[in-house]
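Report on the structure given below.
Numbers here simply count residues along the sequence, with the first being 1. Because the structure is a prediction, the values reported are computed rather than measured. Order of appearance sets the numbers: ligands from 1, and atoms from 1 within every ligand.
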Amino acid sequence: MTDVQLQPLPQYPVAQAIKERRSIKNFKNKPVSLEVIEELLDIAVWAPNHKIREPWRFIAYVEDGRKTLIQLLKREAESNKMGKPMKRAKIEYLLAIPAYLLVIMPEDPRPKVWEEDFAAVSAMIQNFQLAAWERGLGVIWKTDDFIYSPQVRQAIGVQPGEKIVGMLQIGYPEAVPKAQQRTSAAERLTVISDANSMLTEEEFHIPLSGENLFMNLPSTSKAEAIQLAGEKLVELGYVGESYIESMHEKELTKSTYLGNGICTPHGSKQAKESVVQSGVAVLHFPEGIDYENGERVYLMIAIAAERMFHLDVLRQAATMFEDKVQVDKIMASDSKEDFLRKFEEIHRETRVL
Ligand SMILES: Cc1cc2nc3c(=O)[nH]c(=O)nc-3n(C[C@H](O)[C@H](O)[C@H](O)COP(=O)(O)O)c2cc1C
């Protein structure tokens, strides 16, 4: 399968507007007509909204109407600063903003409905910003403290049970600020693409066979044991060499001791790139190794995990070996066959049905 080639941005005007839009703070001395604002709002209200509740209303301040709002903002600011007058420069700045739009939503007492409505209003505001941008207009969404002020709310007729979601300042950009870069989404993305990830607790099975079970290892230091576990994961073809270093690092930041003599070392999230295939290496230390705070580890379940696999392993290991009796049982194994048989038994007995 070949990857679809992405077209240059101008082929995708929505994508282009999303990426190029900036919040605008400096506007040209050019009025914005009410007709344009209404036109933009009629585009914006196509935002998704549950049950078509259309949870919004607006107050536009244009032309001299802006002075009404600025007067209110001035009074509010001065009451907060114990009567200290608003600076002339600030008033001039506010007067130079060509249009203001307050966006108001009903506050439904049911939390689910409130959240849906707030989400819909936010989507609608972003639509407005994008549609404006496409026409060469700039917007900034402001949430200054005054939107919560009872005096301001009363003066502009916002009812109890209504919320001012924001004040949009609108005009033709005098200057467009430099973009503040965004983090690549890949860094915040968890991908589920193998059927295993969808397995329920009762279906998941830590993949253990004669191949990835290493028995009767001599006692050693914690660091050497982790090193050995990492090398086994490499030999098994689950990870690249660099994964081992990340297992050591991970252990330094957060211990992977599970309890009852078991630990589950694994690499950090950043090391996922060196994972070739999900899998485990189980190391059996009959005499135990000194792990931390006087705890000894007898069973090391080293994990190489793509996506959610390590959570599945952790959950299952924690369930299987919650009871020390189960650990004692498996530790008493005298051969690989015996170990695997007991592992199956414990898995069956502790399965959540
Ligand atoms: C809910 C919300 C509230 C915001 N409130 C303010 C605000 O009060 N003052 C302000 O300067 N910018 C405000 N912004 C704009 C952000 O600062 C701006 O989106 C951010 O700096 C990224 O810049 P960009 O929009 O140009 O990409 C707000 C944005 C959102 C989504």
Quiz item: So, for atom 21 (O) of ligand 1, does the protein have a heavy atom nearer than 4.0 Å?
Solution: yes
Quiz item: Which heavy atom of G267 sits nearest a heavy atom of K250, and at what distance?
Solution: O-CD, 4.1 Å
Are the side chains of [X] and [Y] in touch, meaning some heavy atoms are under 4.5 Å apart?
X: V152; Y: R75; answer: no
X: D290; Y: K222; answer: no
X: L101; Y: V139; answer: no
X: R66; Y: I97; answer: no

Quiz item: Heavy-atom distance to atom 26 (O) of ligand 1: which of G138, S122, S23 wins?
Solution: S23
Among protein heavy atoms, which lies nearest [atom], and at what distance?
atom: atom 3 (C) of ligand 1; result: T143 OG1, 3.4 Å
atom: atom 28 (C) of ligand 1; result: W141 O, 3.1 Å
atom: atom 12 (N) of ligand 1; result: I140 CD1, 3.7 Å

Could you tell me if any non-hydrogen atom of [X] lies under 4.0 Å from any atom of ligand 1?
X: Q129; answer: no
X: R182; answer: yes
X: R21; answer: yes

Quiz prompt | Contact check: Q180 vs ligand 1, nitrogen or oxygen atoms, below 3.5 angstrom | solution = yes
Quiz item: How long is the span from the CG atom in N216 to the CZ atom in F285, to the nearest 0.5 Å?
Solution: 11.0 Å
Self-check item: Close-contact set for ligand 1 against K142 heavy atoms, below 4.0 Å
Solution: 5 (N), 6 (C), 7 (C), 8 (O), 9 (N), 10 (C)
Exercise. Within a distance under 4.0 Å of any heavy atom of K25, pick out the atoms of ligand 1 and give their elements.
Key: 11 (O)
Quiz item: Of H310, E251, H266, which meets side chain to side chain donor-acceptor pair (under 3.5 Å) against T256?
Solution: E251
Quiz item: Under 3.5 Å, is there a donor-acceptor pair between the S209 and E211 side chains?
Solution: no
